[in-house]
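In what follows, a structure is listed as structure tokens, so that the remarks can point back to it.
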Amino acid sequence: MLDPKFLRDELAQTAQRLAARGFELDVDKIAALEARRKELQSSTQELQNERNVRSKSIGKAKQAGEDIGPLLAEVGELGEKLDAAKSELTELLAQIEAITAGIPNLPDASVPVGKDESDNVEVSRFMEPTVLGFEAKDHVDISAGLSNGLDFETATKLTGSRFVVMHSQVANMHRALAQFMLDTHTQKHEYAEVYVPYLVNHDSLFGTGQLPKFGEDLFHTQPATEEGQGLSLIPTAEVPLTNIVRDSIIDEAQLPIKMTAHTPCFRSEAGSYGRDTRGLIRQHQFDKVELVQVVKPEDSFAALEDLTGHAEVILQALQLPYRKMILCTGDMGFGACKTYDLEVWLPAQNTYREISSCSNMLDFQARRMQARFRAKGAKKPELVHTLNGSGLAVGRTLVAILENYQQADGAVVVPEVLRTYMNGLEVIPAK
RNA sequence: GGAGAGGUGGGUGAGUGGCUGAAACCAGUUCCCUGCUAAGGAACCGUACGUUAAUUCGUACCGAGGGUUCGAAUCCCUCCCUCUCCGCCA
């Protein structure tokens, strides 16, 4: 959520900056609603003031033993007027809220202006694309050449499309990856390991920005109704991790808070029919190790560089070629003001694919969550800044290893850093 | 799932219809005193919105949402959550 004051005072400027990311702000409507709100709010408050004053005088008169009959008559119609004003105001506020809750974050000035993916700008590269010396197979075919591995058929029987069952050494490697990532972040990058619920309530989803606009992308345990809202499966650990600080005032000394968690993520992938239908790239359920930082406002841009670097360390340790992209205004997520994507090289696709996305949300989520801190000596609590990034998507990392470490004979070499997590295994042999 | 108790400001915790935006204590801030690794005293000390020259004034908020009333933290209803005991269970 944007700062309502800023939105009001700098409406035109806000609209202009939002236009850069392809969001059209209805300036006239907002201005009109705001004007009416202001009017109604002050008139409602006046009415309430009047009621309070009179009610008080009734109390005093009663205590003094005076006749309160005339006073009561005077106050009579006040209630009706007040009720009318109140209900109109409530409705108006709901309208304004509905609009502001759907406005994305403002892009940072350093973000390149662009329309979509194709306008993202490469920042740096690690290693050259893998040269295999033979025709690259994709991870599905590689797995098929192992004695046991990815099993999409069984998953389809159990659940449906876009799910997977993994067997033996491939399942082991998948687990090893998550372990390795967590260990690296906790031991080398000073993140605290956290275990979180995989089902969250709507307040949490609103806090990080998935709701109200992107409910379609989630799996819900029950549809939301007027009176009750069911729980939803997390689309990323960003949701539970970031919401840990929701509705709280943090001691300045506790910042920055750095947390990491390994969770499954569930996405309905609505609107992506036909894309990446083969293999592990786009699943309804996938594992991810998430990094979240809660920092002081002045630290957030440095923290973004930091956090992105932490994700890069994993790719570097696994010796996987990748490039770092800065997303253009049109390709950024709803709550982000600046985002780096890390894209890993996939030989079979002969291209780079996203494996991590690291964003500075500024105070956008913090405002929705009312996550604040009190600076030493400061009177008012101040909104924190939140950041998150994948460190990394485990399934896609598995894909990258299978494809980049494949051998001519169909075997797959185990990256060195994973071997201690796999009982010393050096190669997954072909069948 | 059953029975009971409860949800109040950063924390603990008073408060059963008007004088309570809320006692007291702790934490915090500022000042005073004191020369020693400490103690004592005083004042201030919730959030949001609007308003103002102003920390001025107004309004709202005591889990959430409704209701009763001239007036609700306080009474009633619904929901959520926490605790204790019982049941069930990985």
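Order of the sequence lines sets the chain letters (A, B, ...), proteins ahead of strands, with each chain counted from 1.
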Exercise. Less than 6.0 Å separating the ring centroids of A/Tyr198 and A/Phe266?
Worked result: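 That pair fails the under 6.0 Å test.
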
Round to the nearest Å and state the distance from [X] atom [atom1] to [N] atom [atom2].
| X | N | atom1 | atom2 | value |
| --- | --- | --- | --- | --- |
| A/Met1 | B/rA48 | CE | P | 14 Å |
| A/Phe373 | B/rU47 | CZ | P | 14 Å |
| A/Lys56 | B/rC19 | NZ | C1' | 9 Å |
| A/Arg367 | B/rA48 | CZ | P | 12 Å |
| A/Glu97 | B/rC49 | CD | P | 14 Å |
| A/Glu80 | B/rC70 | CD | P | 12 Å |
| A/Leu89 | B/rC49 | CG | P | 15 Å |
| A/Glu382 | B/rG10 | CD | P | 17 Å |

Problem set entry | Shortest side-chain distance from A/Asn52, nucleotide among B/rA60, B/rC70, B/rG10 |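 Output: B/rA60.
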
Problem set entry | A/Ser55 side-chain proximity, nearest of B/rA60, B/rG58, B/rG71 |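 In terms of side-chain proximity for A/Ser55, the closest of B/rA60, B/rG58, B/rG71 is B/rG71.
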
For this session: Give a yes/no verdict on a cation-pi contact between A/Arg368 and A/Phe206, requiring under 6.0 Å between NZ or CZ and the six-membered ring centre and an angle within 45° of the axis.
Result: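 Geometry flag: set, cation within 6.0 Å and 45°.
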
Exercise. Nearest nucleotide by nearest heavy atom, which residue falls closer to the 5' end of RNA chain B, A/Asp3 or A/Val53?
Worked result: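 This one resolves to A/Asp3.
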
Problem set entry | Upstream residue (5' side of RNA chain B) when A/Arg372 and A/Gln48 are each assigned their closest nucleotide |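 First, find each residue's nearest nucleotide; the 5'-ward one identifies A/Arg372.
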
Using the [atom1] atom in both, what is the distance from [N] to [M], to the nearest Å?
| N | M | atom1 | answer |
| --- | --- | --- | --- |
| B/rG71 | B/rU20 | C1' | 14 Å |
| B/rC26 | B/rG13 | P | 15 Å |
| B/rU12 | B/rA48 | C1' | 25 Å |
| B/rA38 | B/rA23 | C1' | 30 Å |
| B/rC89 | B/rG2 | C1' | 16 Å |
| B/rG10 | B/rG63 | P | 13 Å |
| B/rU55 | B/rU51 | P | 13 Å |
| B/rG6 | B/rG15 | P | 12 Å |

Do we see a donor-acceptor contact under 3.5 Å between the side chains of [X] and [Y]?
| X | Y | answer |
| --- | --- | --- |
| A/Asn52 | A/Ser55 | no |
| A/Asp151 | A/His167 | yes |
| A/Asp287 | A/His262 | yes |

Exercise. Any side-chain N or O of A/Asn49 under 4.0 Å from OP1/OP2 of B/rG58?
Worked result: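 Checking A/Asn49 against B/rG58: no side-chain N or O falls below 4.0 Å of OP1 or OP2.
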
For this session: Considering just the side-chain nitrogens and oxygens of A/Arg54, establish if one lies under 4.0 Å of OP1 or OP2 belonging to B/rG18.
Result: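 So the side-chain polar atoms of A/Arg54 never come under 4.0 Å of the phosphate oxygens OP1 or OP2 of B/rG18.
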
For this session: Name the orientation class of the two ring planes belonging to A/His189 and A/His310 (parallel below 30°, tilted from 30 to 60°, perpendicular beyond 60°).
Result: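 A/His189 vs A/His310 ring planes: parallel.
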
Exercise. Parallel, tilted or perpendicular for A/Tyr191 and A/His185, by the 30°/60° rule?
Worked result: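 Ring orientation, 0 to 90° scale: perpendicular.
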
With a 3.5 angstrom cut-off on both distances, give the Watson-Crick or G-U wobble partner of [N], or none if there isn't one.
| N | value |
| --- | --- |
| B/rA48 | B/rU59 |
| B/rA42 | B/rU30 |
| B/rU37 | none |

Problem set entry | Strand-adjacent residues in residues 35-47 of chain A, judged by heavy atoms under 4.0 Å from RNA chain B |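 RNA chain B contact set from residues 35-47 of chain A: A/Arg37, A/Lys38, A/Gln41, A/Gln45.
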
Exercise. Among residues 4-11 of chain A, which residues get a heavy atom nearer than 4.0 Å to RNA chain B?
Worked result: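 Listed by number, they are A/Lys5, A/Arg8.
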
For this session: Write down the atom of A/Cys337, the atom of A/Leu362, and the distance for their closest heavy-atom approach.
Result: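 Shortest heavy-atom separation between A/Cys337 and A/Leu362 comes out as SG-CD1, 3.4 Å.
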
Exercise. Does the A/Ser356 side chain pair with the main chain of A/Ser390, one donor and one acceptor, at a distance under 3.5 Å?
Worked result: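 Confirmed, A/Ser356 side chain pairs with A/Ser390 backbone.
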
Exercise. Charged N to carboxylate O under 4.0 angstrom, A/Glu50 versus A/Arg54?
Worked result: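 Judged by the 4.0 Å cut-off on N to carboxylate O distance, A/Glu50 and A/Arg54 do form a salt bridge.
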
Exercise answer: donor-acceptor pairs, residues 3-24 of chain A side-chain atoms, under 3.5 Å, sequence neighbours excluded:
| from | atom 1 | to | atom 2 | distance (Å) |
| --- | --- | --- | --- | --- |
| A/Asp3 | OD1 | A/Lys5 | N | 3.1 |
| A/Thr14 | OG1 | A/Glu10 | O | 2.7 |
| A/Arg17 | NH2 | A/Pro107 | O | 3.3 |
| A/Arg21 | NH1 | A/Asn105 | O | 2.8 |
| A/Arg21 | NH1 | A/Ala336 | O | 3.2 |
| A/Arg21 | NH2 | A/Met332 | O | 3.2 |
| A/Arg21 | NH2 | A/Gly333 | O | 2.6 |

